[in-house]
> 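This is the structure, below, for whatever I ask next.
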Amino acid sequence: LGSAERVFDMMDTLPAIQDAENARNLNDTKPEIAFTDVNFKYQESDARALNQINFIARHGQVTALVGPSGGGKSTVLNLIPRFYNTQSGTIEIGGQDIRQLSLKSLRSHIALVSQDITMFDDTIATNIAYGAPNATQEDIINAAKAAAAHDFLAALPQGYDTYVGERGLMLSGGQKQRVAIARCMVLEPDVLLLDEPLGALDLKLREHMKIELKALQAAFDTTFLYITHDQSEALVMSDQIAVMNAGRFEQVGTGQDLYYRPETPFVAGFIGEAN
């Protein structure tokens, strides 16, 4: 009875993030993402995680967010699908304030791979097609091939019908990461958000995935933001690099821009390490 009471309390809890009255749908399938004077802090913290952020991720481009840990990179990604609301400033997708969009519509255009990968105690196929229930077996396999996951998935005892166990305990960290990337690829998203997508992969697989992710972005013409601590990866993959530190953007530009304009100590270190 005590357990049931706690479960029902949880079920009765309303989400903190709610649709606005008369919320609209996001109809732009080629959206640009714009941050204007955005400030944000977590409830449990007195310090701001983001300070006066002004930034544009252009449609059809790959934008890398780089910088030291705690600089605010993951916070930027988490604000786009409205996992949190900003305290001030606006975030627009396709020229529409995301707070005026329905959550279902907003999130249906976005695919996200976070550092904490969620796997369900179900089959590989179900995990890949979680956000695309109408995906065919061919769609699932093609997405797994693009994510360099097909070979090890096909070798499992029941192939794509193998159950992964609670939280994906049957899979290694790198394998779960590739399944999560395949889950994104099968969605054919308009906005692709990846938080350290290649961190658990070995060098050979990282090089393969760089090519596949660039191909995915080009094929579906996505607005693509990703976080990386690999400087060479950012220089090779990205149309735009945004260097963050202490909740601010210190530099935004192409790799060539940052190479010839190393105006902050961190940017200078970033380019030096990349070389």
Side-chain angles (χ1 to χ4, degrees), residues 3-19 74-75 77-84 102-202 205 208-209 212-213 216 220 222 224-227:
S3 296
E5 184 176 338
R6 290 191 292 272
V7 168
F8 283 115
D9 283 345
M10 177 66 72
M11 293 174 65
D12 291 339
T13 301
L14 294 176
I17 307 297
Q18 297 279 349
D19 282 344
S74 295
T75 301
L77 289 197
N78 288 333
L79 288 177
I80 294 171
R82 284 189 69 200
F83 294 155
Y84 303 94
S102 74
L103 288 172
K104 181 178 180 180
S105 171
L106 171 65
R107 293 173 181 174
S108 69
H109 289 262
I110 297 171
L112 168 69
V113 175
S114 63
Q115 289 184 340
D116 184 15
I117 295 170
T118 299
M119 299 292 291
F120 302 98
D121 187 6
D122 210 316
T123 66
I124 291 290
T126 301
N127 271 279
I128 292 176
Y130 174 72
N134 295 324
T136 65
Q137 187 73 4
E138 183 181 6
D139 294 333
I140 293 168
I141 292 173
N142 287 338
K145 287 179 177 178
H150 174 70
D151 289 345
F152 81 81
L153 293 178
L156 291 173
Q158 284 81 44
Y160 285 80
D161 292 325
T162 301
Y163 279 74
V164 300
E166 190 169 348
R167 298 179 63 86
L169 61 86
M170 296 285 292
L171 304 177
S172 69
Q175 289 172 336
K176 286 191 283 189
Q177 200 164 40
R178 280 178 278 167
V179 170
I181 293 172
R183 185 187 290 165
C184 281
M185 290 183 169
V186 82
L187 288 171
E188 302 183 8
D190 299 315
V191 176
L192 182 59
L193 309 175
L194 305 181
D195 193 346
E196 286 285 339
L198 310 182
L201 306 184
D202 61 39
L205 282 173
H208 172 82
M209 288 307 305
E212 291 295 343
L213 289 172
L216 171 72
F220 302 131
T222 62
F224 183 1
L225 285 83
Y226 77 105
I227 293 171

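In what follows, every heavy atom counts, from backbone to side chain, and hydrogens, waters and symmetry copies are set aside. Since this is a predicted model, take the numbers as computed values, not measurements.
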> Tell me whether Arg107 contacts the main-chain N or O of Pro81 through its side chain, where contact means a donor paired with an acceptor under 3.5 Å.
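Side chain of Arg107 to backbone of Pro81, a donor-acceptor pair under 3.5 Å: yes, one is there.
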
> Can you tell me how far CD1 of Ile181 sits from NZ of Lys176, rounded to the nearest 0.5 angstrom?
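The NZ atom of Lys176 sits 14.0 Å away from the CD1 atom of Ile181.
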
> I need the Thr123 OG1 to Ile128 CD1 distance, nearest 0.5 Å.
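If we round to the nearest 0.5 Å, Thr123:OG1 and Ile128:CD1 are 8.5 Å apart.
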
> Just verifying a value: how many Å separate Asp121 CG and Arg167 CZ, rounded to the nearest 0.5 Å?
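It is 12.0 Å, given to the nearest 0.5 Å.
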
> Measuring from Lys145:NZ to Leu153:CG, what's the distance to the nearest 0.5 Å?
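Rounded to the nearest 0.5 Å, the NZ-CG separation comes to 12.0 Å.
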
> Do any N or O atoms from the side chain of Arg183 and from the backbone of Asn127 form a donor-acceptor pair under 3.5 angstrom?
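Here the side-chain-to-backbone pair exists.
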
> Check whether any side-chain heavy atom of Met119 lies under 4.5 Å from a side-chain heavy atom of Gln175, and answer yes or no.
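They are not in contact (no side-chain heavy atoms under 4.5 Å apart), so the answer is no.
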
> For residues Leu187 and Gly131, report the shortest heavy-atom separation together with the two atoms involved.
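Heavy atoms only, the tightest pair is CD2-O, 3.2 Å.
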
> Drop me the distance from Asp122's CG to Tyr163's OH, to the nearest 0.5 angstrom.
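Going from CG on Asp122 over to OH on Tyr163, the span is 5.0 Å.
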
> Can you tell me if Tyr130 has over 12 outside heavy atoms packed within less than 6.0 Å of its OH?
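Counting neighbours around OH of Tyr130, 12 or fewer heavy atoms of other residues, nucleotides or ligands fall under 6.0 Å, so no.
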
> Taking all non-hydrogen atoms of both residues, which atom of Leu194 and which atom of Cys184 are closest, and how far apart?
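In terms of heavy atoms, the two residues are closest at CD2-SG, 4.3 Å.
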
> Rounded to the nearest 0.5 Å, what separates atom CD1 in Ile17 from atom CG in Leu103?
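CG of Leu103 is found 7.5 Å from CD1 of Ile17.
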
> A side-chain contact here means heavy atoms from C-beta on lying under 4.5 Å apart; do Thr126 and Phe120 qualify?
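No, side chains not in contact.
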
> Would you say Leu225 and Ile80 make side-chain contact, with heavy atoms under 4.5 Å?
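Heavy-atom side-chain distance check passes, below 4.5 Å.
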
> Do you see a donor-acceptor pair shorter than 3.5 Å between the side chains of Asp139 and Thr136?
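The criterion, which ignores hydrogens and geometry beyond distance, is satisfied for Thr136 and Asp139.
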
> Quick check: do Ile124 and Leu171 have side-chain heavy atoms less than 4.5 Å from each other?
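Yes, close enough: below the 4.5 Å cut-off.
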
> List the atom of Gly165, the atom of Met170, and the distance in Å for their closest heavy-atom pair.
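Closest pair (atom of Gly165, atom of Met170, distance): N-CG, 4.1 Å.
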
> Which atoms form the tightest heavy-atom contact between Ala125 and Ile140, and what is the distance?
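Residues Ala125 and Ile140, closest heavy atoms: O-CD1, 3.8 Å.
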
